[in-house]
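Structure first, then comments.
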Amino acid sequence: QVQLTESRGGLVQAGGSLRLSCAGAGRTFSNNAMGWFRQAPGKEREFVAAISWSGGSTLYADSVKGRFTISRDNAKNTVYLQMNSLKPEDTAVYYCAAQRSPVPTAQSTMYNYWGQGTQVTVSS
């Protein structure tokens with residue numbers, strides 16, 4: 001069974017940092033671009049960041065650029081999201097996803113595997 005499992009999120013104060021990880025199981029994702037999305041209460045799911053199969057190319061939403069960093073370790077079949085300078089508006093359920101192709105995109109319809117999500121709450 002193919003699975004993506006996010007690490008536990010948590011509660012952090014504004015200005016703090018948190019690192020999420022997402023481990024793949026059931027197949028290798030080393031040839032696939034990976035991404036992170038988030039969904040805040042009452043809002044639609046939105047793109048956060050994506051990374052190419054090799055890690056050489058990344059994309060970020062404007063709202064997180066300069067604060068979040070996506071990375072991956074193909075040997076561990078794992079993708080990471082380092083979140084710094086967190087703001088209350090970053091509060092959301094964060095999802096990792098695997099894309100069909102090796103080229104990163106912000107379009108959620110291009111992702112065919114999704115994790116269950118993990119809650120990140122940033123207090124002011």
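Basis for what follows: all heavy atoms, side chains included, without hydrogens, waters or symmetry-related copies. Numbers here are sequence positions counted from 1.
Salt-bridge annotation for Lys87 and Asp90: absent, with no side-chain N of the basic residue lying under 4.0 Å from a carboxylate O of the acidic one.
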Should Thr69 and Tyr80 be marked as a side-chain contact (heavy atoms from CB on, under 4.5 Å) after you check the CA-CA gap, both sets of side-chain angles, and the distance that decides it?
-> CA-CA 8 Å; Thr69 302; Tyr80 305 94; over 6 Å; no

Before giving the answer on side-chain contact (heavy atoms from CB on, under 4.5 Å), spell out for Asn84 and Phe68 the whole-Å C-alpha distance, their side-chain angles and the decisive distance to 0.1 Å.
-> CA-CA 6 Å; Asn84 298 329; Phe68 290 12; over 6 Å; no

Evaluate the criterion side-chain contact (heavy atoms from CB on, under 4.5 Å) for residue pair Leu11 and Ser123; output intermediate values, then yes/no.
-> CA-CA 7 Å; Leu11 173 64; Ser123 63; 4.2 Å; yes

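The CZ atom of Arg38 lies 12.0 Å from the CD atom of Gln119; values are rounded to the nearest 0.5 Å. Note that the OG1 atom of Thr28 and the CG atom of Asn74 stand 6.5 Å from one another [nearest 0.5 Å]. Ser52 contributes atom OG, which lies 10.0 Å from atom CD of Gln99 (distance to the nearest 0.5 angstrom).
Scanning all heavy atoms of the two residues, the minimum distance from Arg19 to Ser7 falls at O-OG, 4.2 Å. For Lys65 against Asp62, the heavy-atom pair with the smallest separation is NZ-OD1, 3.2 Å. Of all non-hydrogen atoms in Gln82 and Ser17, the two that sit nearest each other are NE2-CB, 3.9 Å. Annotation for Leu81 and Ala49: closest pair CD1-CB, 4.2 Å, computed over non-hydrogen atoms. Here the closest non-hydrogen pair linking Glu6 and Cys96 is OE2-N, 3.0 Å.
You'll find the side chain of Ile70 reaches within 4.5 Å of the side chain of Trp36, heavy atoms only. For the pair Thr91/Val120, no side-chain contact is recorded, criterion being any heavy-atom separation below 4.5 Å from C-beta on. Contact of the Val79 side chain with the Ser71 side chain is not registered, since no non-hydrogen atoms from C-beta on lie closer than 4.5 Å. Proximity of Val2 to Phe29: side-chain heavy atoms (C-beta onward) are separated by under 4.5 Å at one or more points. Counting heavy atoms from C-beta outward, Arg100 and Tyr113 have side chains that stay 4.5 Å or more apart. In this structure the side chain of Ser124 reaches within 4.5 angstrom of the side chain of Pro88, judged on heavy atoms. Side-chain contact between Val12 and Met83 is absent, with no heavy-atom pair separated by less than 4.5 Å. The closest side-chain heavy-atom distance from Trp114 to Ser108 is below 4.5 Å.
A cation-pi geometry, defined here as NZ or CZ lying under 6.0 Å from the six-membered ring centre and within 45° of its normal, holds between Arg45 and Tyr95. Annotation: cation-pi geometry not satisfied between Arg72 and Trp53 (NZ/CZ under 6.0 angstrom from ring centroid, within 45° of ring axis).
Within 6.0 Å of CD in Gln116 there are 12 or fewer heavy atoms belonging to other residues, nucleotides or ligands. Within 6.0 Å of the NZ atom in Lys43, the count of heavy atoms belonging to other residues, nucleotides or ligands does not exceed 12.
In the hydrophobic clustering of this structure, Tyr94 groups with Val122; members are Ile, Leu, Val, Met, Phe, Trp, Tyr whose side-chain heavy atoms approach within less than 4.5 Å, directly or through other members. If you chain together hydrophobic residues whose side chains sit under 4.5 Å apart, Met110 and Ile51 never meet in one group.
A donor-acceptor pair shorter than 3.5 Å cannot be found between the side chains of Gln3 and Thr5. Using modelled atom types, one finds no donor on one side chain facing an acceptor on the other under 3.5 Å when comparing Asp73 with Thr78.
With Asn77 contributing its side chain and Gly24 its backbone, the two residues share a donor-acceptor pair below 3.5 Å.
The aromatic ring centres of Phe37 and Tyr111 sit less than 6.0 Å apart.
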